[in-house]
Amino acid sequence: MHDVRADQLKNRIIITIGKLDGEAEMQAVARAVSEECKKLKKGFTCITDLRKYEVQDDAFEHYVRQTQEAMIAAGLAKVVRVVRETGLLGHFQFDNASMDVGYHADNVTSMEAAEKILNEAAG
């Protein structure tokens with residue numbers, strides 16, 4: 001399960017990733033992110049909702065890294081991840097990949113907190 005959409009008014013991409021159904025869906029997420037980024041201006045922000053994400057096999061981590069690199073190349077400025085309050089910490093897979101590609105994301109536990117951080121950063 002995934003949903004990717006660009007909010008052109010806020011110059012923001014919102015990515016929701018839940019339980020993914022294998023490699024084909026991971027590729028679909030990567031394609032969707034790339035397409036939606038084209039609708040935004042350089043300096044865009046990102047909310048990644050991982051509250052229902054389930055850790056994928058390490059063999060697929062390159063898709064996460066590839067997608068993050070594409071977002072940086074498209075002009076990504078800031079990322080906030082919405083993660084579970086307790087339980088499986090799938091966001092660590094994203095944290096590790098983002099450190100490799102050169103950025104840090106704030107982790108929060110609600111969409112409201114993510115919006116607040118990015119709206120304040122936009123000033």
Nearest heavy atoms of G43 and N11, plus distance in Å
C-ND2, 3.8 Å
If I compare all heavy atoms of A74 with all of C37, which pair ends up nearest, and what's the gap?
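For A74 and C37, the tightest heavy-atom pair comes out as CB-CB, 4.0 Å.
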Would K78 and D106 count as a side-chain contact (heavy atoms from CB on, under 4.5 Å) if you check the C-alpha gap in whole Å, the side-chain angles of each, and the deciding distance to 0.1 Å?
CA-CA 9 Å; K78 184 162 180 63; D106 295 320; 2.9 Å; yes
Answer whether the closest heavy-atom distance between the side chains of [X] and [Y] falls below 4.5 Å.
| X | Y | answer |
| --- | --- | --- |
| K116 | M111 | no |
| I47 | L118 | yes |
| R12 | E115 | yes |
| V83 | V108 | no |
| M71 | I13 | yes |
| H2 | E25 | yes |
| T109 | R84 | no |
| L76 | C46 | yes |

Ignoring hydrogens and angles, state whether a donor on the side chain of T48 or R81 is under 3.5 Å from an acceptor on the partner side chain.
no
Under 3.5 Å, is there a donor-acceptor pair between the side chain of [X] and the main chain of [Y]?
| X | Y | answer |
| --- | --- | --- |
| Q66 | A30 | no |
| Q8 | L40 | no |
| E36 | A6 | yes |
| T67 | Y63 | yes |

The test is side-chain contact (heavy atoms from CB on, under 4.5 Å); show your working for I14 and D49 and say whether it passes.
CA-CA 8 Å; I14 297 99; D49 184 353; 5.8 Å; no
One pair to check against side-chain contact (heavy atoms from CB on, under 4.5 Å): D3 and R5. What are the steps and the verdict?
CA-CA 7 Å; D3 181 59; R5 63 184 171 84; 4.1 Å; yes
